[in-house]
Amino acid sequence: MPSMTPKKRTLDSFFTSSSPAKKQRTEPSLENAFNHPTYPFPVPSLPDTIIEKLNTSPAGSSKRINDQPDLDLLYHHSFIHKDIARDLFDFLRQHLFFYRVHYKIKRGPSEHSISTPRYTTVFGVDSTSAFSPTPSNHLIDPLSGHPVPKDRYKCRPRPLPSCLQHLCRTTEESTLETFNFCLVNYYADGADSISFHSDDEHFLSPEPAIASFSLGARRDFLMKHKAAVPPNKDDAEPVSSSTAGDGKGKDNDSSSSSSLKFVLQSGDMLLMRGKTQTCWLHSIPKRKGVEGPRAGRINITFRKAVKREGTENYYRYNVGDGEPYRWDEKRGEMVVWKKEG
Ligand SMILES: O=C(O)CCC(=O)C(=O)O
Ligand SMILES: [Fe+2]
């Protein structure tokens, strides 16, 4: 159900409460850290300076983009205030655990090994289950409140840490949508990418609304209509002009007139909704020259899954069965995290 009242808790199971800070915190604090048996390590709460600014989001203006067939976007330039976007990026990169997922797919008779070309992590559970309130956060049936049997999921769903709850809540209030999943991508540099795909899985609500945030380095976000994709040419990129004003560039080539390019900047939010996922593909292509200490980009998407399979799928492809990675500030890269002792 959409939340109609500002600051109302719309999905209690997902937004487990975080205790209000007594005095202003400017540094991440492990004292109020969010922990759960499924987490490799606890995730601190956000400094108050970031929370205060987040609570007043969206900061910038928004523009509806629906001038193409089957497209319905709401593009928020600077949803997150410019003056906290970098701090939020640094905080999330520093304190979240990420994975580099490997999996096998069958194409025809042969099996292929795929290595996801970016770091990923995921939190949430589909709407057939819920997390009980903090501090225990165990899985319950949302109707009866009874614990969910241990064998209901092969994966182990993880509650959203408080540092992402604020953004989720603000996004729900702004979009009047509700979300129960948060996927986070970390693109270390221009060699990391996501290929053309649509998030039109059967386990999402029909015509899903997906709110997608960018933090850190600017990257191109390409879109193309599925009807314009020639067979076996599904990774062709539009030759697009650079951004002007609203950040939207359009291909001049009439054979792919429904290709779009957005140069997403730190703090931007793109809400994709309506038939967008059914009819359009999107990607973050690899980019030469995006390298060095400021090359990292975080993408956060909020979504709503309504079937159990959604939970299994998201954990399989965004957590997998490998080691967690954690940002190493001295080395300036993600390193495999090992439990001490
Ligand atoms: O990084 C982005 O902006 C897009 C990510 C995306 O499309 C996805 O995670 O499904
Ligand atoms: Fe996507």
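We're numbering straight along the sequence, starting at 1. The analysis underlying the following values was restricted to heavy atoms, covering all of them including side chains, and did not include hydrogens, waters or symmetry mates. Indexing begins at 1, ligand by ligand and atom by atom, following the structure's order.
One finds the CZ atom of Phe179 at 6.5 Å from the OG1 atom of Thr171 (value rounded to the nearest 0.5 Å).
Defined by atom type and a distance below 3.5 Å, a donor-acceptor pair is present between the side-chain atoms of Lys226 and Ser198. In this model, a donor atom of one side chain and an acceptor atom of the other lie less than 3.5 Å apart for His81 and Thr56. With no hydrogens or angles considered, no side-chain donor-acceptor pair links Ser78 and Asp268 at under 3.5 Å.
Atoms of ligand 1 lying under 4.0 Å from any heavy atom of His197, numbered from 1 in the order shown and given with element: 6 (C), 7 (O), 8 (C), 10 (O). For ligand 1 and His282, the ligand atoms under 4.0 Å from any heavy atom of the residue are 7 (O). Remark: ligand 1 atoms within the under-4.0 Å shell around heavy atoms of Asp199 are 10 (O).
The nearest heavy-atom contact from the protein to atom 9 (O) of ligand 1 is Asn185 ND2, 3.0 Å. With respect to atom 6 (C) of ligand 1, the closest heavy atom belonging to the protein is Ile194 CD1, 3.7 Å. Of all protein heavy atoms, the one lying nearest to atom 3 (O) of ligand 1 is Arg297 NH2, 2.8 Å. Considering only non-hydrogen protein atoms, atom 1 (O) of ligand 1 sits nearest to Tyr187 OH, 2.6 Å.
Heavy atoms of Leu183 come nearer than 4.0 angstrom to ligand 1 in no pair at all.
Annotation: side-chain contact (heavy atoms from CB on, under 4.5 Å) contacts of Pro58 (sequence neighbours excluded): His76, Phe79, Ser174. Qualifying side-chain contact (heavy atoms from CB on, under 4.5 Å) partners for Asp189, counting only residues two or more places apart in sequence or in other chains: Ala191, Ala295. Contacts of Ser214 classified as side-chain contact (heavy atoms from CB on, under 4.5 Å), with partners at least two apart in sequence or in another chain: Leu264, Arg297.
Ring geometry for Phe91 versus His95: interplanar angle of 30 to 60°, hence tilted.
Tyr315 places a side-chain heavy atom less than 4.5 Å from the side chain of Pro157. With a 4.5 Å cut-off on side-chain heavy atoms, Thr301 and Asn299 count as touching.
Residue Asn299 has at least one nitrogen or oxygen atom sitting less than 3.5 Å from a nitrogen or oxygen atom of ligand 1, judged on distance alone.
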For side-chain hydrogen bond (donor to acceptor under 3.5 Å, both in side chains), just list the numbers for Thr178 and Lys304, CA-CA rounded to whole Å, side-chain angles, deciding distance to a tenth of an Å, and then say yes or no. CA-CA 7 Å; Thr178 57; Lys304 183 170 185 177; 3.2 Å; yes

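Counting heavy atoms under 4.0 Å from ligand 1, residue Arg303 touches it through the side chain alone.
Around the Fe ion (ligand 2), protein N, O or S atoms at less than 2.8 Å comprise His197 NE2, Asp199 OD2, His282 NE2.
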